[in-house]
Amino acid sequence: MTKTVKDYIRTIEGFPHEGILFRDVTTLFADPRGFRMAIDQLLSPYAGMQIDKVTGLEARGFILGGAVAHQLSTGFVPIRKKGKLPGRTVAQAYTLEYGEAVMEVHDDAFLPGEKVLLVDDLLATGGTAEAGIKLIERLGAQVIGCAFVVDLTDLGGRKKLEALGMEVHALCAFEGH
């Protein structure tokens, strides 16, 4: 039987707290076949499209986004948690399940009109991805797609991003959270 990306993802019950089913992609990253399959499938829908840069959301999005950017021969831009970037930044606050957080990107990371592919490991509520999209758009670039390994369907992230006019691509889906 041929394995799918989903088969490489481990589920850990009760992490980070009781009642959560944590979808652990580190087991996918650790397996050479699984990792290559994920990268190939993440970029597959964008073959032949103009993509100027790939951006990854902290932290696992850096691993995936860097590999996708390499395959596409484009630049890679990290979108980081507040206070992690050394240059001048633009910031975007977003809501978490409990509280608020802030993402930042260097203010010269994207040029007006550039086409950007946003990559991350997991789509849950969509708050982090929405913050990333807003940062990219504030700098004048255009998000041509949002690619994720996992969509946690019950948490509504896909609907949130699609309501923003985003094309969402996920390799697999899990119910629950």
Side-chain angles (χ1 to χ4, degrees), residues 15-17 20 22-26 29 38-39 42-43 45-46 49 51-69 72 74-174 176-177:
F15 181 84
H17 54 78
I20 299 292
F22 186 83
R23 308 307 178 171
D24 180 18
V25 294
T26 63
F29 295 172
I39 299 307
L42 280 171
L43 59 84
Y46 310 102
M49 292 179 71
I51 298 174
D52 299 303
K53 293 200 175 120
V54 173
T55 192
L57 303 174
E58 187 159 333
R60 291 173 299 270
F62 298 170
I63 297 163
L64 295 162
V68 168
L72 294 173
T74 66
F76 173 77
V77 174
I79 294 183
R80 306 233 32 206
K81 293 175 182 166
K82 183 177 174 68
K84 301 285 187 182
L85 291 170
R88 288 194 334 223
T89 61
V90 290
Q92 180 67 48
Y94 65 102
T95 306
L96 294 166
E97 196 171 346
Y98 303 103
E100 205 175 72
V102 177
M103 298 298 281
E104 292 181 325
V105 68
H106 281 130
D107 66 1
D108 60 356
F110 303 106
L111 299 174
E114 282 188 320
K115 310 265 190 248
V116 180
L117 175 61
L118 183 142
V119 177
D120 203 4
D121 67 320
L122 190 129
L123 177 59
T125 65
T128 308
E130 181 182 21
I133 291 162
K134 287 180 176 177
L135 286 168
I136 294 163
E137 291 177 341
R138 279 173 51 200
L139 293 176
Q142 176 191 355
V143 179
I144 57 95
C146 301
F148 304 91
V149 173
V150 175
D151 180 2
L152 297 179
T153 56
D154 295 351
L155 298 181
R158 177 183 285 271
K159 285 188 177 105
K160 177 184 275 190
L161 298 185
E162 288 174 344
L164 295 172
M166 293 296 122
E167 180 91 20
V168 177
H169 170 57
L171 305 188
C172 64
F174 288 94
H177 56 291

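One is the number of the first residue; the rest follow in order along the sequence.
Phe174 contributes atom CZ, which lies 13.0 Å from atom CG of Leu155 (distance to the nearest 0.5 angstrom). Rounded to the nearest 0.5 angstrom, Leu161 CG and Thr125 OG1 are separated by 9.0 Å. Here CE of Met103 is found 12.5 Å from NZ of Lys82. Values are rounded to the nearest 0.5 Å. Distance check: Lys84 NZ to Thr89 OG1 gives 13.5 Å after rounding to the nearest 0.5 Å. In this structure, the separation between OG1 on Thr55 and CG on Leu117 is 9.0 Å, given to the nearest 0.5 Å.
Here the side chains of Ile144 and Ile51 are in contact, with some heavy-atom distance below 4.5 Å. Contact check for His106 versus Pro86: side-chain heavy atoms found under the 4.5 Å cut-off. Residues Tyr46 and Val54 form no side-chain contact, since every pair of their non-hydrogen atoms from C-beta on lies 4.5 Å or further apart. Counting heavy atoms from C-beta outward, Phe110 and Val105 have side chains that approach closer than 4.5 Å. Looking at heavy atoms from C-beta onward, Val68 lies in side-chain contact with Ile39 at the 4.5 angstrom threshold.
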Side-chain polar contacts of residues 162-171 - donor-acceptor pairs under 3.5 angstrom, sequence neighbours left out - could you list them?
| from | atom 1 | to | atom 2 | distance (Å) |
| --- | --- | --- | --- | --- |
| Glu162 | OE2 | Arg158 | NH1 | 3.4 |
| His169 | NE2 | Gln41 | O | 2.8 |

Hey, can you pull the donor-acceptor pairs under 3.5 Å for the side chains in residues 133-140, sequence neighbours left out?
| from | atom 1 | to | atom 2 | distance (Å) |
| --- | --- | --- | --- | --- |
| Arg138 | NH1 | Ala91 | O | 2.6 |
| Arg138 | NH1 | Gln92 | OE1 | 3.1 |

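The two residues Ala69 and Gly75 have their closest heavy-atom pair at CB-O, 3.8 Å. What you find for Glu100 and Ala93 is that their closest heavy atoms are OE1-CB, 3.8 Å. Ala131 and Tyr94 get closest at one heavy-atom pair: CB-CD2, 3.7 Å. Here the closest heavy-atom approach between residue Ala129 and residue Leu118 is recorded as O-CD1, 4.0 Å. When all heavy atoms are compared, the tightest approach of Thr74 to Asp52 is CB-O, 3.6 Å. Of all the heavy atoms in Phe62 and Pro78, the pair that sits closest is CE2-CB, 3.6 Å.
Residues meeting the side-chain hydrogen bond (donor to acceptor under 3.5 Å, both in side chains) test with Asp121, sequence neighbours left out: Arg60. Residues forming a salt bridge (Lys or Arg N to Asp or Glu O under 4.0 Å) with Asp108 (at least two apart in sequence, or on another chain): none. In this structure Lys115 satisfies the salt bridge (Lys or Arg N to Asp or Glu O under 4.0 Å) test with no other residue, sequence neighbours excluded. Under the side chain to side chain contact (heavy atoms under 4.5 Å, CB included) criterion, Ile63 pairs with Phe29, Phe35, sequence neighbours left out.
A donor-acceptor distance shorter than 3.5 angstrom exists from the side chain of Glu104 to the backbone of Gly83, with no hydrogens or angles considered. In this structure, the side chain of Lys81 does not engage the main chain of Ala101 through any donor-acceptor pair within 3.5 Å.
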Using the rule given for side-chain contact (heavy atoms from CB on, under 4.5 Å), can you reason through Leu122 versus Val25, listing the C-alpha separation, both sets of side-chain angles and the distance that settles it, and then say yes or no? CA-CA 9 Å; Leu122 190 129; Val25 294; 5.8 Å; no
